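A short worksheet on the structure shown next.
Position 1 is the first residue of the sequence; numbering continues from there. What you see is a predicted model, and the numbers here were worked out from it, not measured in a lab. As the structure lists them, so they are numbered: ligands from 1, and atoms in each ligand from 1.
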Amino acid sequence: MKILSVVATRPNFIKIAPFIRAIEKEREGGTDLTHVLVHTGQHYDNNMSASFFDEFQLPKPDYNLGIGSGTHAEQDGKTMLAFEQVLLSEKPDWVVVVGDVNATMSTCVTAKKMNFRVCHIEAGIRSFDRSMPEELNRIITDSIADLLLTPDELAIKNLLREGRKAEDIAFVGNVMIDTLDWLLPNAEKLTPKSIIEQKKAKSYGEKSFRESGNLVLITLHRPSNVDVIENLTAFLDWIERKTHCTFLWVLHPRTSERLKNFNLQARIATIKQLVMLEALTYTETLTLNLNVRTILTDSGGLQEEACVIGTPFLVLRQQTERPSTLIAAGGTGSIAGNTGADFDELFEAALKQERKAFRPHLWDGKTAERCLQEILSRS
Ligand code: UD1
């Protein structure tokens with residue numbers, strides 16, 4: 001059997017790494033399996049792409065489509081044209097797509113129109129906010145993929161409600177957690193201090209790291225948070241008032257670009273408890289996750305990791321497609337609204353919240369093996 005997997009952005013690398021290891025293990029057991037890795041190139045910076053290939057011991061991609069940045073139509077259109085050529089020459093038995101980024105959708109549509117079978121890992125999760133590109137990517141992918149592998153039971157309900165048949169759906173658990181379990185021992189060997197001294201973004205003023213006060217990790221990249229200057233300004237004002245905390249803000253390239261365009265770097269340099277950091281490795285991010293009192297984020301993956309290792313977190317969005325990580329479901333997070341919103345009470349409560357690790361059912365580090373077995377059983 002020939003399986004072709006697609007990756008495009010940072011969160012995809014985290015999800016595909018354990019799947020490729022599962023394929024290698026299966027091959028060692030004697031199964032006749034060929035794997036082809038396609039990187040669309042949506043993320044291309046060393047610290048958004050290449051460094052993860054080293055960290056996750058991923059094989060060099062067989063194809064890099066070089067798509068890069070652009071509008072949605074540009075990214076989707078270019079990906080479809082280039083991916084069509086790959087499919088014509090490779091003719092895989094299965095195409096595997098992960099997550100909810102543009103390439104997930106555009107490669108799935110291309111493959112299905114050419115009658116290739118597609119498996120979607122992380123199927124069925126829904127934010128019910130169709131203004132977000134990721135929600136559209138999820139809905140389109142899940143409406144046509146042949147095999148839908150879900151991280152939780154709620155995702156199965158979503159898919160059945162949308163008219164998908166039970167035989168096309170399998171509950172396998174969360175593949176991100178396979179990577180977390182794999183790299184946790186490495187993360188435990190690092191300290192926030194060493195990471196910060198090494199990675200501090202020099203352009204935001206020289207601040208030395210204080211270990212006193214409550215450590216808070218921030219990651220933001222959604223347009224609703226970082227493309228709106230009023231929200232960013234209100235957020236910075238709020239951070240400045242929180243003198244009992246030290247904020248570690250790990251920058252996504254989109255966010256760096258916006259802060260520069262909005263001329264907010266000088267303002268940031270005056271806030272002494274705010275330290276800006278360049279993009280970190282997966283392991284370094286996990287070290288911060290293990291050591292901070294709370295996290296403010298609009299990332300989906302970080303919510304899941306915080307829940308599993310017990311770190312309280314606030315989702316800086318109006319909703320989440322990952323409700324199984326929230327306090328109401330036994331997890332550690334709360335929805336707090338966008339960066340401009342008033343979430344002070346929730347934040348103070350999160351600072352006092354006990355760390356309590358919570359693993360939703362089948363978030364056990366063995367999801368990738370189950371994904372592969374589901375595919376093999378449909379050969
Ligand atoms: C994408 C995904 C999002 C995912 C996120 C993880 C879609 C629609 N969005 O958003 O779901 O959570 O990745 O990071 O697919 N840039 C660089 N270097 C890079 C990559 C991006 O400088 O290696 C800059 C570019 O200026 C670009 C901007 O970041 O314009 C945004 O990148 P893009 O790939 O369009 O989307 P993300 O915001 O990263």
Return the residue, atom name and 0.1 Å-rounded distance of the protein heavy atom closest to atom 8 (C) of ligand 1.
-> Asn102 OD1, 3.3 Å

Consider only side-chain N and O atoms of Glu240 and Gln273, and report whether a donor and an acceptor are under 3.5 Å apart.
-> no

Using a 4.0 Å heavy-atom cut-off, say whether Arg254 meets ligand 1 through its side chain, its backbone, both or neither.
-> both

Within 4.0 Å of some non-hydrogen atom of Gln75, the atoms of ligand 1 are 34 (O), 35 (O)

Salt-bridge contact Arg258-Asp227 (side-chain N to carboxylate O under 4.0 Å) | yes

Below 4.0 Å from any atom of ligand 1, is there a heavy atom belonging to Ser49?
-> no

Taking only heavy atoms of His72, which atoms of ligand 1 are found under 4.0 Å from at least one of them?
-> 8 (C)

Report the part of Ser299 (side chain from C-beta onward, or backbone N, CA, C, O) that has a heavy atom under 4.0 Å from ligand 1; answer both or neither where that applies.
-> neither

Which pairs pass ring pair (Phe, Tyr, Trp, His ring centres under 6.0 Å) with one or both residues in residues 277-298, sequence neighbours excluded?
-> Phe56-Tyr282

Which residue pairs satisfy the side-chain hydrogen bond (donor to acceptor under 3.5 Å, both in side chains) criterion with at least one member in residues 345-359, sequence neighbours excluded?
-> Asp181-Arg359, Lys242-Glu348, His244-Glu348, Thr311-Arg355

For ligand 1, is any non-hydrogen atom under 4.0 Å from Met48's backbone (N, CA, C, O), its side chain (CB onward), both, or neither?
-> side chain

Provide the number and element of each atom of ligand 1 under 4.0 Å from a heavy atom of Pro253.
-> 16 (N), 17 (C), 18 (N), 22 (O), 24 (C), 29 (O)

How far is atom 10 (O) of ligand 1 from its nearest protein heavy atom, and which residue and atom name does that atom have?
-> His221 CD2, 4.3 Å

